[in-house]
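Residue numbering restarts at 1 for every chain, and letters A, B, ... go by the order of the sequence lines.
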4 protein chains.
Amino acid sequence: MARAPVIAVIGAGDAPADVLELARHAGAEIAARGATLVCGGRGGVMAAAARGARERGGHTIGILPGYDATEANPHIEFAIATGMGEARNAIVVGSAAAVIALAGEGGTLSEIGLALKLGRPVVALRSWTQLENLYRADTAAAAVQIALELCGRSS
Amino acid sequence: MARAPVIAVIGAGDAPADVLELARHAGAEIAARGATLVCGGRGGVMAAAARGARERGGHTIGILPGYDATEANPHIEFAIATGMGEARNAIVVGSAAAVIALAGEGGTLSEIGLALKLGRPVVALRSWTQLENLYRADTAAAAVQIALELCGRSS
Amino acid sequence: MARAPVIAVIGAGDAPADVLELARHAGAEIAARGATLVCGGRGGVMAAAARGARERGGHTIGILPGYDATEANPHIEFAIATGMGEARNAIVVGSAAAVIALAGEGGTLSEIGLALKLGRPVVALRSWTQLENLYRADTAAAAVQIALELCGRSS
Amino acid sequence: MARAPVIAVIGAGDAPADVLELARHAGAEIAARGATLVCGGRGGVMAAAARGARERGGHTIGILPGYDATEANPHIEFAIATGMGEARNAIVVGSAAAVIALAGEGGTLSEIGLALKLGRPVVALRSWTQLENLYRADTAAAAVQIALELCGRSS
């Protein structure tokens, strides 16, 4: 069995409508390309991306901070209950072959840093222009295309 | 979307043939009952249970100790790369609604202890007779039946 | 600078008076022998052992489940706030060269299992007679003596 | 017993001489003010800060990525062996009341993000000018002064 590539989508738990729409498109595109979505499993960007992926029939994994799987947003198919709080951010990016970052705050920043440290390429989608060493995209489709190429699978 | 119940199978990474056969049956029964298997993602009981589940068309999640998804056994559909070493054992049982324990050593013992601490019921399958507060089963089918009843879903 | 040997004391967060007294003696003996105590940082056996160590002028480290250092018992000199819940148990034993186990429940059982997995010798102090592969002691002084010998330092 | 305030110093594991000198001064100042230093326990900024603190008689805690306490730099008095890899970064900042950040890369960036997420104030010492929501200092003494004020203790 060949495992499908896994792409993480990271961003704010509380985000404006345009960011959420971008996240939903990213999730949809990940599913359309046959990849699996991993995210932090909660609200905002995490829920929007998972919703987009599920609407296109893709698989979604949520890496939760607590021990209660019911804390996952309704679009998470597989809930991983880490009980680790913010240290779970390392698992979100560590479990992905590439990371798509949307606008966010400290939690998202920590995931970008951890991804860089672990050697996971990060594609910044209309965000994080102040940071170096990130790939850049202006559309969800472009971000997913770059992410898939970077994890060694383009279609 | 109703999330499928998640059952953990735990046991030795290096086990004799009869224990592996029991693990494979447990995995198959979990899949046949529509539940998702979670395990530690490596060899021995973990691989046998995942193989059994995949052979019956079930979903399998492997919670890996390292950061490299390719360390997962070939029957793992979704590899979670924790990078946490043995601390990942808390995630294996925390992500399950119930746990089926086969013969094992220190790692398995730690998972039983963590499951009890987190309130996840543990069904000992022909093993761990020296421990208290565990449910008991002699066949894989009985173990899965008990586990599903305990996580609030019997069929 | 030679680092002092570190001994973990593990046991129930809610324990009867005789177990607490045993834990306090163990902590005192650890300090008297120049070793550092590490524990889970909360109440019961953890607090009693830390109290014993501090009363003898020893150093005490508490590995806390949450992010709030004020949750440490008052005898913890250095509070490590892991935010990891029960997964922190792996750090308690991983940070020790040897482990002294008193009576406890699931959390203590998980620490024994993790210690065995990580190769840290475990000395059971009037407890855990049902488990194999543990060293045995009937007094706090004997337990600490064995623990120090096992971590390569006897005096 | 009142616990001493704990200040984290974070920065690159491989840093130029001027950054190492700054880290050493920060560690020395932390010790001079009666605070405890926590860091990631390895080389570069971590070792320089710990050296500075020990030279002034302060206590130093190293939160290590692996399970082997001997991987700590020689200036670490108390080595915490997490076995958690990069996820240990959450413990470094979670265990501190305030964080002093020097120049670094992905790992340091992740610690800044985690600190912001956990509500630990971050003082950027001649570094990280591209990030928002950080306090700023140009000297080690000023950074420690600000950090101590922010964790509710000025002297």
Handout entry: Side-chain donor/acceptor of Arg3(C) to backbone N/O of Ile76(D), under 3.5 Å
Key = yes
Handout entry: Ala72(D) versus chain C, the contacting section by heavy-atom distance below 4.5 Å
Key = both
Completion exercise
One should read off an interatomic distance between Tyr67(C) OH and Leu114(D) CG, to the nearest 0.5 angstrom, of 7.5 Å
Exercise for the section: With a 4.5 angstrom heavy-atom cut-off, could you sort out which part of Ile80(D) is near chain C: side chain, backbone, both or neither? Expected result: both
Exercise for the section: Please say whether more than 12 non-hydrogen atoms of neighbouring residues, nucleotides or ligands are located less than 6.0 Å from CD in Glu71(C). Expected result: yes
Problem - Any Thr36(C) side-chain heavy atom under 4.5 Å of Glu77(D) side chain - result: no
Problem - Interface moiety of Thr82(C) toward chain D, non-hydrogen atoms closer than 4.5 Å - result: both
Practice task
Give me the ring orientation class for His59(D) and His59(C): parallel if the planes are under 30° apart, tilted from 30 to 60°, perpendicular past 60°.
Solution key: perpendicular
Practice task
Determine the minimum heavy-atom distance between Ala81(D) and Ser95(C), stating which atoms define it.
Solution key: N-OG, 2.8 Å
Practice task
State whether the number of non-hydrogen atoms from other residues, nucleotides or ligands found under 6.0 Å of Asp14(D) atom CG is greater than 12.
Solution key: no
Problem - Which portion of Arg120(D) sits near chain C, non-hydrogen atoms under 4.5 angstrom - result: side chain
Fill in the blank from the handout: Rounded to the nearest 0.5 Å, the CG atom of Leu64(D) sits from the CD1 atom of Ile91(C) at a distance of 11.0 Å
